[in-house]
Structure formats: structure tokens, C-alpha cells
Amino acid sequence: FTLAHVSLQVSSCALLAIVDMKLLLYYICADMGFFLLYKIVSKDFFYFPNLRGFARLFASLVQRFVAKLLVNFTFLVQLRHPNEVGGALFLTSTLTSVGMSFVSVHLYTTQY
């Protein structure tokens, strides 16, 4: 299942990049924005409680960004833990990558 997920994610991103690079950037920004918004709304955004101010914000942003990229492009199941990405967002990421593969194939076949 991991190989299938990674193959779908990479191929859909490659097809979106071929069709239009802006579409790929919109997809990645929307996916990341939804994830960060969910973490902020659920009050689970800050990752390093010992840091203060901008350092805490920056370190948490980098850690959440890297965790989400790892989930999207490696399907690292250890990040299903609620303190990391979480099970619901892990499932949502899986379903959106499968859905995006169909959308990217459709966009590619209609344009080329």
C-alpha cells in the first residue's frame, strides 16, 4: 500500500507539473494550508513548548511542514500519532492523494 500511495502522489504531482506548474503549487499550498489550519484550530500547532516567541512559531511551522511532506511523499505511518499528523488527517491525506491522481490524469488527457 505504501508503494501505491507514493506512486500515486508522485505521478499526480508530475502530471500536474506538466499541465501547469501553478496547479501543482495551488494543490500543495491548499493541502498544506488545510493541514496547518486544522492544527491551529485544534490548538495543536505549537510543537516545542520550551521555546518562546518567534523561535517557537518558526520551529513549529518547520516541523509541521516537514511532517506533512513526509506523510504525503513517503506515507510514513509513524506520523499517524495524534501529536504529529493524526489519524483523521492521515486518512484525509491518503484520500486526497488518490483523488488528485484521477484529477491530474483527467487534466493531462484533456490537455494533451
Side-chain angles (χ1 to χ4, degrees):
F1 190 71
T2 301
L3 179 64
H5 174 80
V6 172
S7 299
L8 283 174
Q9 186 71 17
V10 170
S11 62
S12 65
C13 286
L15 289 176
L16 280 178
I18 290 170
V19 171
D20 189 5
M21 189 61 82
K22 288 181 186 177
L23 288 176
L24 176 62
L25 291 175
Y26 291 151
Y27 166 64
I28 290 174
C29 289
D31 190 34
M32 192 64 66
F34 174 73
F35 170 69
L36 293 175
L37 182 67
Y38 178 81
K39 285 295 186 181
I40 290 169
V41 167
S42 65
K43 297 180 181 171
D44 190 28
F45 176 73
F46 291 110
Y47 194 76
F48 298 100
N50 295 336
L51 296 176
R52 302 258 186 256
F54 180 74
R56 182 180 182 196
L57 176 69
F58 182 73
S60 296
L61 183 66
V62 168
Q63 192 281 331
R64 297 295 181 194
F65 184 80
V66 169
K68 182 65 172 150
L69 281 179
L70 283 173
V71 166
N72 281 352
F73 291 103
T74 65
F75 204 62
L76 189 63
V77 294
Q78 286 84 357
L79 293 177
R80 287 185 302 180
H81 191 276
N83 292 339
E84 296 292 335
V85 174
L89 284 177
F90 194 82
L91 178 64
T92 303
S93 175
T94 303
L95 295 177
T96 56
S97 68
V98 170
M100 243 358 250
S101 66
F102 290 114
V103 169
S104 62
V105 166
H106 173 71
L107 289 173
Y108 181 77
T109 56
T110 57
Q111 195 161 29
Y112 290 100

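We number each residue from 1, following the sequence as shown.
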- Item | Name of the residue among Thr109, Val105, Leu107, Val10 meeting side-chain contact (heavy atoms from CB on, under 4.5 Å) with Leu15 | Val105

- Query: Should the pair Tyr112 and Tyr108 be assigned to parallel (<30°), tilted (30 to 60°) or perpendicular (>60°) ring geometry?
  - Reply: tilted

- Query: Any side-chain heavy-atom pair from Thr96 and Phe34 closer than 4.5 angstrom?
  - Reply: no

- Message: Determine whether Leu57 and Phe46 satisfy the following criterion, side-chain contact (heavy atoms from CB on, under 4.5 Å), listing intermediate values before the conclusion.
- Response: CA-CA 7 Å; Leu57 176 69; Phe46 291 110; 4.2 Å; yes

- Item | Phe75 and Phe90 aromatic centres sub-6.0 Å | yes

- Task: Show your reasoning for whether side-chain contact (heavy atoms from CB on, under 4.5 Å) applies to Phe35 and Thr92.
- Result: CA-CA 10 Å; Phe35 170 69; Thr92 303; over 6 Å; no

- How far does NZ of Lys68 sit from CD of Gln63, to the nearest 0.5 angstrom? 13.0 Å

- Should Phe73 and Leu36 be regarded as members of a common hydrophobic cluster, given that ILVMFWY residues are connected when their side-chain heavy atoms come within less than 4.5 Å of each other, either directly or indirectly? yes

- Shortest non-hydrogen contact between Leu51 and Ala59, atoms and distance: CD1-CB, 3.8 Å

- Does Leu70 share a hydrophobic cluster with Ile28, counting links as ILVMFWY side-chain heavy atoms below 4.5 Å and allowing steps through other members? no

- Does Phe58 CZ have over 12 foreign heavy atoms under 6.0 Å away? no

- So how far is it from Leu69 CG to Thr74 OG1, rounded to the nearest 0.5 Å? 9.5 Å

- Give, for atom CG of Leu89 and atom OG1 of Thr94, the distance between the pair rounded to the nearest 0.5 Å. 10.5 Å

- Shortest non-hydrogen separation from His5 to Val71 and the atoms involved: NE2-O, 3.7 Å

- Query: Minimum heavy-atom separation for Met100 to Leu16, with atom names?
  - Reply: CE-CD1, 3.3 Å

- Message: If hydrophobic clusters are built from ILVMFWY residues whose side chains come within less than 4.5 Å, do Met32 and Leu95 share one?
- Response: no

- Check whether more than 12 heavy atoms from other residues, nucleotides or ligands sit under 6.0 Å from atom OH of Tyr38, and answer yes or no. no

- Item | Ser97 versus Tyr27, closest heavy-atom pair with distance | CA-OH, 4.0 Å

- For Asp44, enumerate each residue passing the side-chain hydrogen bond (donor to acceptor under 3.5 Å, both in side chains) test, keeping only those at least two apart in sequence or located in another chain. Lys39

- Taking all atoms of both residues into account, what is the closest heavy-atom pair of Ser12 and Ser101, and its distance? CB-CA, 3.6 Å

- Which pair of non-hydrogen atoms, one from Asn83 and one from Arg64, has the smallest distance, and what is that distance? O-NH1, 3.0 Å

- Task: Give a yes or no on whether Leu3 and Leu8 share a hydrophobic cluster (residues Ile, Leu, Val, Met, Phe, Trp, Tyr; joining criterion: side-chain heavy atoms under 4.5 Å apart).
- Result: no

- So if you build clusters from Ile, Leu, Val, Met, Phe, Trp, Tyr with side-chain heavy-atom gaps below 4.5 Å, do Leu37 and Leu25 land together? no

- What is the distance from atom CG of Leu23 to atom SG of Cys13, rounded to the nearest 0.5 Å? 11.5 Å

- Message: Pairing donors with acceptors under 3.5 angstrom, does anything connect the side chains of Ser93 and Asn72?
- Response: yes

